[in-house]
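Just the heavy atoms: all of them, side chains too, but no hydrogens, waters or symmetry mates, feed the values below. None of these values were measured; they are calculated from a predicted model.
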Amino acid sequence: MRMNKIKKIQLLKHPYIIGAGAAIILIAGVSYAYYKSNSVLPAYKISQVERGAITQEVDVSGQVNPAQSADLGFVIGGKIALVNVQIGQSVSAGQTLVELSNSDLVAQLNQAQADVDGQTAKLKEMENGPRPEQVALSTTQLQKAQQDLNNIYSGVYDTIQDAYSKADDAVRKQTDDLFTNPETQLPALNFQPADNQLKINSESQRAAVNSELASWNSELETMSSNSSDSDLENEIENSQNHLAAIRDFLDILVNALSSAVPTPSFPQSSIDSYKNNLSIARTEVNGAISELNAESQTIKSQKLVVQTYQDQLNVTKAGYTQEEIDAQQAQVDHYLATLKNVQAQIAKGIITAPFSGIVSAVNAKLGEIASPNVSAISLISGKQFEIDTYVSEADIAKIKTGNDANVTLDAYGSSPVFPAKVVTIDPAQTVVNGAPSYKVVLQFNNDDSRVKAGMTANVSIITVTDQSVLILPREAVMRKNDEMIVLIPGSGGQPIQKIVTTGIESADGKIEILRGLSEGDKVINFGE
């Protein structure tokens, strides 16, 4: 009976059952009570404190999932123009998978790019400053314009001389026969106009014209084709005034002749002949006035041309101001914004792979109308797989990111073993089967074609590894109250109780002894 009882106690001391505090206390309490009430201990074996390595692990199960997965759809709707993949195909990050028809946007893109290129080239030219060939061109244009102006000035003297000759001819050759003493200050009209005032005016104007011609001639004697530009321009103006006075004289004389009454000494035929002469005189004077006006206008126009080329040369030499460069930069930015906007519109109609992986689903068909925000392509990472596991709150404190792990897959049994590493630990709890747990994600260290998404994984997370420490079988250590104890064989077969401090426990039934024992010490082990 006594031995049967001992065997029942020993059955409770299975390595995994001992891991529970209640079982350890029960075994320790029963064994020690039996020792106190009996002089002979139940059957036991002796274990020796050894020095070696010990590893603490947390065992969990989980599922293999791709490290990345995505359901991809269009932001906008449209007609599908390209389906570039099929299920199971490997794709690279950035590869075009599906594309909507976008010929109108491509045309806009080309125009926007051309605008950007043109404005950017102009900005670069402005920043680089004037090129030597630009300065040379502007200088040549200015020189030619100045030479053209000089050529005009060189002909002014002759034009004025010609105008004087025509005016002198108009007065003396065409009108002198109508006067007595025409070259004096008291010329007398040879006929009687109907209005005597016209006679007075004609005679006074003839005397005034003598002064005009004399003054004009004196001016010309002081000038030549080499006179300064300003002198020539002043003489043009003076000559225009002389011609205006002569034209007024001719107009008065025409009026006087038109009112003349024919007489035997001044018949109608003479009147008609003189009218013809006056018409010729007026034509000559008006022609001279037109030529001088044209010459003056030509000078003014050419001077504007010269000034324009001078300004252009000045601007070319000075280059562009910072304000102008900034304004051009703003133009470039404006066209760049337009370009980017068109690119963004095109991008909305193109699905590209966000990462390298394998196409797991294709819902797009060529020619169909795609709706926005509807999955067209599903993609999973093709090589890097992860394991999603859930760890109880009792073990989560032992695990840290970076912990190594050994993984087996149900599909292949206990071999091969795939190395992995803890990559993330969810800080928030997740209730699994009514108990709080924490999601821990591991990643395989190596790509392996045998690993498939969806496989069940058995994971041993290596939380701590201590080298060269004191270790005992877990069954040799018992809990009494809040202390860990061992029993050491004493003299006369009576054991001695000793308190020890323990460290980590391994999955293979070992426990670390931190204090209380030395290497080689022997303790009682009630394990089977």
Practice task
Apply side chain to side chain contact (heavy atoms under 4.5 Å, CB included) to the pair Val305 and Asp148, showing each step before the final yes or no.
Solution key: CA-CA 10 Å; Val305 173; Asp148 290 342; over 6 Å; no
Problem - Pair Val64-Val451, side chain to side chain contact (heavy atoms under 4.5 Å, CB included): steps then yes or no - result: CA-CA 8 Å; Val64 176; Val451 179; 3.7 Å; yes
Practice task
Might you work through the side chain to side chain contact (heavy atoms under 4.5 Å, CB included) test for Asn84 and Val98, ending with a clear yes or no?
Solution key: CA-CA 6 Å; Asn84 204 30; Val98 187; over 6 Å; no
Practice task
Show your reasoning for whether side chain to side chain contact (heavy atoms under 4.5 Å, CB included) applies to Leu517 and Val523.
Solution key: CA-CA 9 Å; Leu517 294 173; Val523 299; 4.1 Å; yes
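Counting heavy atoms from C-beta outward, Leu100 and Ile350 have side chains that stay 4.5 Å or more apart. Side-chain contact between Arg474 and Glu505 is present, with at least one heavy-atom pair separated by less than 4.5 Å. Using a 4.5 Å heavy-atom threshold, the side chains of Pro66 and Ile358 count as separate. Between Val441 and Ile425 there is no side-chain heavy-atom pair separated by less than 4.5 Å. Residues Thr321 and Asp326 are not in side-chain contact: their nearest non-hydrogen atoms beyond the backbone lie 4.5 Å or more apart. Residues Ile504 and Ile54 meet the side-chain proximity criterion, which asks for heavy atoms closer than 4.5 Å. When side chains are defined from C-beta on, Thr401 does not count as touching Val423, because their heavy atoms never get closer than 4.5 Å. Within the 4.5 Å cutoff, side-chain heavy atoms of Val306 are placed close to those of Leu142.
Rounding to the nearest 0.5 Å places CD of Gln63 at 6.5 Å from OG1 of Thr456. Taking OG1 of Thr55 as the start and CG of Asp466 as the end, the distance is 8.0 Å to the nearest 0.5 Å. To the nearest 0.5 Å, atoms OG1 (Thr501) and CD (Glu512) are separated by 11.0 Å. Taking CG from Asn481 and CZ from Arg479, the interatomic distance works out to 10.0 Å, rounded to the nearest 0.5 Å. Atoms OG1 and CG, from Thr502 and Leu470 in turn, are 12.5 Å apart once rounded to the nearest 0.5 Å. From Asp404, atom CG reaches atom CG of Leu442 across 10.0 Å, with rounding to the nearest 0.5 Å.
Of the N and O atoms on the side chains of Thr463 and Gln56, at least one donor lies less than 3.5 Å from an acceptor on the other residue. Side-chain N/O atoms of Asp71 and Ser378 include a donor and acceptor closer than 3.5 Å. Inspection of the Asn458 and Asp410 side chains reveals an N or O donor paired with an N or O acceptor under 3.5 Å.
Looking only at distances, a side-chain donor or acceptor of Asp521 sits under 3.5 Å from a matching main-chain atom of Ser518. Of the possible donor and acceptor atoms, none in the side chain of Gln119 sits under 3.5 Å from a partner among the backbone N and O of Val116. Within the 3.5 Å criterion, the main-chain N or O of Ser449 finds a donor-acceptor partner in the side chain of Lys452. The backbone N or O of Ala145 sits less than 3.5 Å from a side-chain atom of Gln302, completing a donor-acceptor pair. Distance alone, capped at 3.5 Å, is enough to place a donor-acceptor pair between the Asp448 side chain and the Arg450 backbone. Ser154 contributes a side-chain N or O that, together with a main-chain N or O of Asn151, makes up a donor-acceptor pair within less than 3.5 Å. Without hydrogens or angle criteria, Gln111 side chain to Gln108 main chain gives no donor-acceptor distance under 3.5 Å. The backbone N or O of Ser468 sits less than 3.5 Å from a side-chain atom of Arg51, completing a donor-acceptor pair. Although no hydrogens or angles enter the test, the distance criterion places no donor-acceptor pair under 3.5 Å between the side chain of Gln297 and the main chain of Ala294. In this structure, the side chain of Ser460 does not engage the main chain of Ala405 through any donor-acceptor pair within 3.5 Å.
Contact detail for Pro372 and Val75: the closest heavy-atom pair is CB-O, 3.3 Å. A pairwise comparison of heavy atoms in Val407 and Ala420 identifies CG2-CB, 3.8 Å as the closest pair. Summarising the geometry of Ile80 relative to Ala364, their closest heavy-atom pair is CD1-CB, 3.7 Å, with the distance given to 0.1 Å. Residue Gly319 comes nearest to Pro130 through the heavy atom pair CA-CD, 4.0 Å, listed as atom of the first residue, atom of the second, then distance. For the pair Val135 and Lys317, the tightest heavy-atom approach, listed with the atom from each and the gap, is CG1-CE, 4.1 Å. The minimum heavy-atom distance between Pro489 and Lys522, with the atom names listed, is CD-O, 3.6 Å.
Look at Glu233 and Lys303 and you find a salt bridge, because one of the NZ, NE, NH1 or NH2 atoms lies within 4.0 Å of a carboxylate O, short of that distance.
Annotation: side-chain contact (heavy atoms from CB on, under 4.5 Å) contacts of Asp117 (sequence neighbours excluded): Gln113.
In this structure, Gln86 places its CD atom where only 12 or fewer heavy-atom neighbours from other residues, nucleotides or ligands lie under 6.0 Å away.
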List, one per line, each side-chain donor-acceptor pair under 3.5 Å for residues 329-345, sequence neighbours excluded.
| from | atom 1 | to | atom 2 | distance (Å) |
| --- | --- | --- | --- | --- |
| Gln329 | NE2 | Asp333 | OD1 | 3.0 |
| Thr338 | OG1 | His334 | O | 3.2 |

Extract all donor-acceptor atom pairs below 3.5 Å that involve side chains of residues 387-396 and protein atoms in other chains or at least two apart in sequence.
| from | atom 1 | to | atom 2 | distance (Å) |
| --- | --- | --- | --- | --- |
| Asp388 | OD2 | Asn65 | ND2 | 2.7 |
| Thr389 | OG1 | Val440 | O | 2.9 |
| Asp395 | OD1 | Lys398 | NZ | 3.2 |

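Between Phe418 and Phe444, the ring-plane angle classifies as perpendicular under the 30° and 60° cut-offs.
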